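Each chain gets a letter, A, B and so on, in the order its sequence line appears, and its residues count up from 1. Note that the structure is predicted; figures quoted are calculated from it, not measured.
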Amino acid sequence: MSDTLPKGYEPRDVEAKWRSRWRDDKTFSPDPKASGDPYCIVIPPPNVTGALHIGHALNLTLIDSLCRHYRQKGRNVLWIPGTDHAGIATQNVVEKTLAKEGKRRQDLGREKFIERVWQWREEYGHRILNQIEALGCSVDWTRLRFTLDEGLSRAVRKVFVQLYREGLIYRGKYIINWCSRCHTALADDEVEHSDERGHLWSIRYHLQDSDESIIIATTRPETIPGDTAICVHPEDERYTHLIGKTALVPVLGRAIPIIADKYVDREFGTGALKVTPCHDHNDWALGKTHNLEFIQVIDEDGIMKAEAGKYAGLSKQECRKAILADIESRGDLVRIEDLTHSVGHCYRCHTVVEPHVSEQWFVATTKLAPRAKEAIPNRITLLPETWTKTYYHWLDTIRDWCISRQIWWGHRIPAWTCTQCHHLIVAEEDPTVCPECGSHDLHQDEDVLDTWFSSALWPFSTLGWPDKTEDLARWYPTAVLVTGFDILFFWVARMIMMGEHFMGNVPFKTVYLHALVRDAQGKKMSKSTGNVIDPVKMIETYGCDSLRFTLTAFAAMGRDIKLSEERIEGYRHFVNKLWNAARFTLMNLEDEAPKAVDLAAVEGLNNRWILHRLELLKRDMDQAFEEYRFNDVAQGGYKFLWSEFCDWYLELVKPDMQSAERKAQSQYVLYTVLKELLILLHPIMPFVTAEIWQALPGHAGEDLATMRYPEERPDCLRPEDAARMEFLQGVIVAVRTIKAELDINPSHKVVLTLRPADAGQQELLLANEGTIVTLARLERMEVGIDIHAPKASASSVVQGCQIIVPLKGNVDLQGELARLAKEMGKLQTALEVVDKKLSNESFVTRAKPEIVQRERDRAAELKDNLEKLTTLQARFHEALENGED
RNA sequence: GGGCGGUUAGCUCAGUUGGUAGAGCGCUGCCCUUACAAGGCAGAUGCCACAAGUUCAAGUCUUGUACCGCCCACCA
């Protein structure tokens, strides 16, 4: 006996031990020259500001299980870790800490502030990395990257400059989304819309030199000073006579034209619309097509500008009040209605986003979109497939991507303006002199790039691009991208665009979009709702493997995960089960590894059966990984370990351990099955499996993470033996059921009489007498096709074999009658169903012959079992009436 | 308005190519059988949302309906 495992599994110590071993040994740092097909995954880089949340945990667990699995399969696996500088988010965090000191970033100045952010990152930016490690991720720490590190910054510059030269990056004055709190432009998809209750004000605009007037409806009266037109539908009879006339802006009295455009919805409001090109996206478009005046009245801090006349200097909220009061006092406020309308908010700080006109940089994604669209499904497999339509739709309706941000933390835009001649220089290296006028007085653009700009380069920049590195040649394109569907547009689509453009090839061959993790009620987890499950806490409480197994078991493709702590607790039992199965195994092995035997020729139905099941499991799990059916991977392992290995095989093998002739080979089978099972489970639960592995005789000091997937053993596939085993299981279960249902104590040893259906069954039963006696807990058993049995017996039939348990003395005879009746009833209805099918002429002629045959076999068996039970029942009645036997 | 998903046991969900409905948790009863009481054994519970269609055969394929959820667009 070589029990070196402690009685209880202690995840904390074990996990710490293996984490440091994997780190110190650089176990997951592959050599690009090593053999094996390349398999690379880049981490979706978490924000440096971030703490590991349950969504990361799911994402990283799935990626890690893939990496570990394909490493076992002999692929040359590289998983690159890293973090994202997260421009706005990080700047916000550091600004908050500054605010506690009573300072603003402007007080420090740009340079000092950035220094401060780096300093913050040095201190706190590693938290998320430690958490990634705590989750057991097999990343290569020697290749750790950061979106703002030196190499990636070079990549960003090169990309920017090239796109600029190709005309795919341009600068221009456009209406963009402005967050006045973050003080920066936002891309369209950084704006989150939500419905809010507001008001719709109907306001009368008087016509110039006329008594006529027109009533418009608006939700934002504060923009009235910026009105430069009124627009109606060209076919709206209420207003056709006014088209071309001139109206006056309320209070300010400025003259504006009344124009017509089909864009106007006649049903909404009054059917007349005020046009404020500088403060509304649609009005901007109207302004462009109708060549209107552009008057900006709200500045980037939300303060009314001089153009707003008497309202200048007011906040936009104050202005709204003031202008409404003025309009009302003139009798031109016609109506106020409640209105629920959607309002855009900053995805970072949730401040209401203001449409704002300013000079910004754009990537012409409209030009890059077609190739990215066509990549799927031709060069990239998108899973689940259902996202393809959504992806296409987004690319079809895409607008150019606003990439400049008016913040300090990020990649500064490599563009300089000559203060002398205003020449614009875009260059990879900082220029010192203006090529036009020779001036040295150059001013770099103040803006930085959208964080997602550097993220878009992640799959090749992390591999060393723009240098021609060995890594890049070896591992690009990467194998698969695993991420949440919420960043399909932010990130995935843009990586495809950039990969195609700069590498001439897609960045990954497969995209697997996993679900969102929700709470038990299906609500999104959020700190404010207070329904978050903290993975770090879960790891501490239940162990990392429990958490990982739970997440994997629920990761069915295309479906959200509803998670609760109870489920994690539940799967901890599974970890424990594995641990104890291993302890049992070790207790039954010697100090040395058992001597190998020819597994294809091994004796014992138990051994042949479990080896057969193991072969099937190996195939199934491998296939499930290939198809990203993570839930099936987990379920397959669960079922095998618990329902087959523990519930049956370990019980079946116990007698062998007392048997001189069986012991040696059963020890080897037991050892082999456990070992291979550990390998199979390792990708999902790396720690507990690694710990058990090194405790196995012959494997001391070994690291399971470096072991290969078990070879197939086709000789061990024995469906006939599996069927025999199932028959024996059926017999054992039948006896247990009789005992349980007739309130016979399970430990009460009965004499079992078996009347097999044929010689084959008889032989099988006799050959496995020990097994049956032990597992059914018998005094002894008697076998014979016509063997005598007491009439006062409980009975059952399994595959035609009669199971007879004598009911001597104080037993519930009525109970047995009821039990028999119930069992026969079940058989009866089943038989009726099958008979009905078989008597259906068209079924017999049209269904596949093998299906028909199966039904016939089934009918025959049901009929046979039913007849036998009927006979047994008759005997039982006799016994009741006439006394014993 | 456009798109997508869901509806299966009390709860949470699996159900690959159509061929006898499954798991976990929970529940009931019995059992401390020396790996595990975080356990073992046995049991109960389903008009697979509704309707029509295709088919010998539908949880599975087609169409429609209802309810729930998500995404995108618009919202003066």
Side-chain angles (χ1 to χ4, degrees), chain A residues 3 5 7-9 189 193 195 200-202 216-220 223 230-231 263-265 268-276 280 282-283 339-343 384 386-387 389-390 392-394 397 485-486 488-489 516 518 520 522 524 553-554 556 558-564 566-567 569-588 623-624 627 629 631-632 635 638-639 642-643 646-647 650-651 654 732-733 736-741 743-747 774-775 777 830 833-834 837 840-848 850-852 854-855 858:
Chain A
D3 188 2
L5 292 178
K7 188 151 172 122
Y9 174 55
D189 49 13
H193 294 269
D195 279 351
L200 183 66
W201 287 275
S202 296
I216 60 88
T218 181
T219 55
R220 300 181 58 214
T223 64
I230 283 175
C231 191
Y263 158 76
V264 177
D265 177 1
F268 191 91
T270 61
L273 157 75
K274 73 185 202 62
V275 184
T276 320
D280 182 278
N282 294 307
D283 291 7
L339 179 76
T340 305
H341 60 137
S342 100
V343 178
T386 57
W387 282 98
K389 264 193 185 177
T390 313
Y392 288 161
H393 180 256
W394 186 77
T397 56
F485 58 76
D486 49 328
L488 177 61
F489 308 133
L516 241 45
R518 299 172 183 281
K524 221 168 176 170
F554 281 102
R559 207 155 159 155
D560 282 349
I561 297 176
K562 286 188 202 164
L563 189 70
S564 67
E566 289 75 52
R567 293 189 214 298
E569 192 181 358
Y571 278 112
R572 181 178 53 164
H573 300 176
F574 179 67
V575 177
N576 187 247
K577 192 76 178 172
L578 175 61
W579 183 258
N580 281 301
R583 286 184 59 229
F584 171 84
T585 304
L586 287 172
M587 288 168 79
N588 285 287
Q623 194 60 31
E627 293 166 15
R629 289 182 282 111
N631 56 326
D632 286 340
Q635 291 302 335
Y638 188 101
K639 229 181 143 99
W642 205 307
S643 311
C646 290
D647 285 353
L650 293 188
E651 297 304 325
K654 278 176 185 172
I732 292 162
V733 168
R736 287 173 178 169
T737 306
I738 287 172
K739 282 191 185 178
E741 296 197 334
D743 275 335
I744 301 171
N745 191 310
S747 59
T774 310
L775 297 199
R777 310 188 73 182
V833 170
V834 181
K837 242 185 187 179
N840 181 345
E841 182 60 29
S842 47
F843 170 73
V844 179
T845 50
R846 295 197 179 186
K848 278 179 264 173
E850 62 266 31
I851 299 291
V852 179
R854 207 167 67 194
E855 293 300 317
R858 200 168 121 74

Classify the nucleic acid contact of [X] as base, sugar-phosphate or nothing, counting any heavy atom under 4.0 Å across all strands shown.
X      : value
A:C231 : nothing
A:R629 : nothing
A:N745 : sugar-phosphate
A:W642 : sugar-phosphate
A:V264 : base
A:D486 : nothing
A:R854 : sugar-phosphate
A:K274 : nothing
A:L650 : base
A:S747 : nothing
A:Y9   : nothing
A:N631 : sugar-phosphate

A:N576 backbone acceptor or donor facing A:N580 side chain under 3.5 Å: yes

Separation of atom [atom1] in [X] from atom [atom2] in [N], rounded to whole Å:
X      : N     : atom1 : atom2 : value
A:N588 : B:U34 : CG    : C1'   : 11 Å
A:L5   : B:C36 : CG    : P     : 13 Å
A:F489 : B:C4  : CZ    : C1'   : 11 Å
A:E566 : B:G24 : CD    : P     : 18 Å
A:H193 : B:G2  : NE2   : C1'   : 16 Å
A:R572 : B:C36 : CZ    : P     : 17 Å
A:L775 : B:C31 : CG    : C1'   : 16 Å
A:I732 : B:G40 : CD1   : C1'   : 15 Å

Heavy-atom closest contact ([X] atom, [Y] atom, distance):
X      : Y      : answer
A:L5   : A:A582 : CD1-CB, 4.0 Å
A:K739 : A:N745 : CD-O, 4.1 Å
A:V264 : A:G271 : CG1-O, 3.4 Å

Mind checking the [atom1] distance from [N] to [M]? Whole angstroms is fine.
N     : M     : atom1 : value
B:G5  : B:A44 : P     : 37 Å
B:C47 : B:A73 : P     : 42 Å
B:G24 : B:U8  : C1'   : 15 Å
B:G64 : B:G2  : P     : 13 Å
B:G69 : B:C32 : C1'   : 48 Å
B:G3  : B:U60 : C1'   : 24 Å
B:C11 : B:G26 : C1'   : 7 Å
B:U7  : B:U17 : P     : 16 Å

Can you tell which of [options] lies closest to the side chain of [X]?
X      : options             : result
A:P746 : B:U12, B:G19, B:C31 : B:C31
A:E741 : B:A35, B:G43, B:U33 : B:G43
A:A740 : B:A38, B:A42, B:C41 : B:A42
A:A847 : B:G40, B:G19, B:G24 : B:G19
A:V733 : B:G40, B:C36, B:A42 : B:A42
A:D743 : B:U12, B:G43, B:G29 : B:G29
A:Y263 : B:U20, B:C74, B:G29 : B:C74
A:E651 : B:G19, B:A42, B:C36 : B:C36
A:M587 : B:A14, B:U12, B:A35 : B:A35
A:K577 : B:A42, B:C31, B:A35 : B:A35

Taking only side-chain N and O atoms of [X], does any of them lie within less than 4.0 angstrom of OP1 or OP2 on [N]?
X      : N     : result
A:K389 : B:G2  : no
A:W387 : B:C72 : no
A:R736 : B:A42 : yes
A:K7   : B:C36 : yes

Derivation of the side-chain contact (heavy atoms from CB on, under 4.5 Å) call for A:K654 and A:N588: CA-CA 9 Å; A:K654 278 176 185 172; A:N588 285 287; over 6 Å; no

Tell me whether the rings of A:Y638 and A:Y571 are parallel (<30°), tilted (30 to 60°) or perpendicular (>60°). perpendicular

Please tell me which of A:T386 and A:H573 maps to the more 5' nucleotide of RNA chain B, matching each residue to the nucleotide holding its nearest heavy atom. A:T386

Between A:H393 and A:Y638, name the one whose nearest nucleotide on RNA chain B is closer to the 5' end. A:Y638

Step by step, would you call A:H573 with A:W642 a side-chain contact (heavy atoms from CB on, under 4.5 Å)? CA-CA 11 Å; A:H573 300 176; A:W642 205 307; 4.3 Å; yes

Please evaluate residues A:F843 and A:I851 with respect to the criterion side-chain contact (heavy atoms from CB on, under 4.5 Å), reporting the C-alpha separation (whole Å), side-chain torsions for both, the decisive distance (0.1 Å), and the verdict. CA-CA 10 Å; A:F843 170 73; A:I851 299 291; 4.1 Å; yes

Given that both distances must come in under 3.5 Å, which nucleotide forms a Watson-Crick or G-U wobble pair with [N]?
N     : answer
B:G1  : B:C72
B:U7  : B:A66
B:A42 : B:U28
B:A21 : none
B:G59 : none

Student check: side-chain heavy atoms of A:L200 and A:H341 closer than 4.5 Å: no

Could you give me the CA-CA distance, side-chain angles and deciding distance for A:D280 and A:T223, then say whether side-chain contact (heavy atoms from CB on, under 4.5 Å) is met? CA-CA 9 Å; A:D280 182 278; A:T223 64; over 6 Å; no

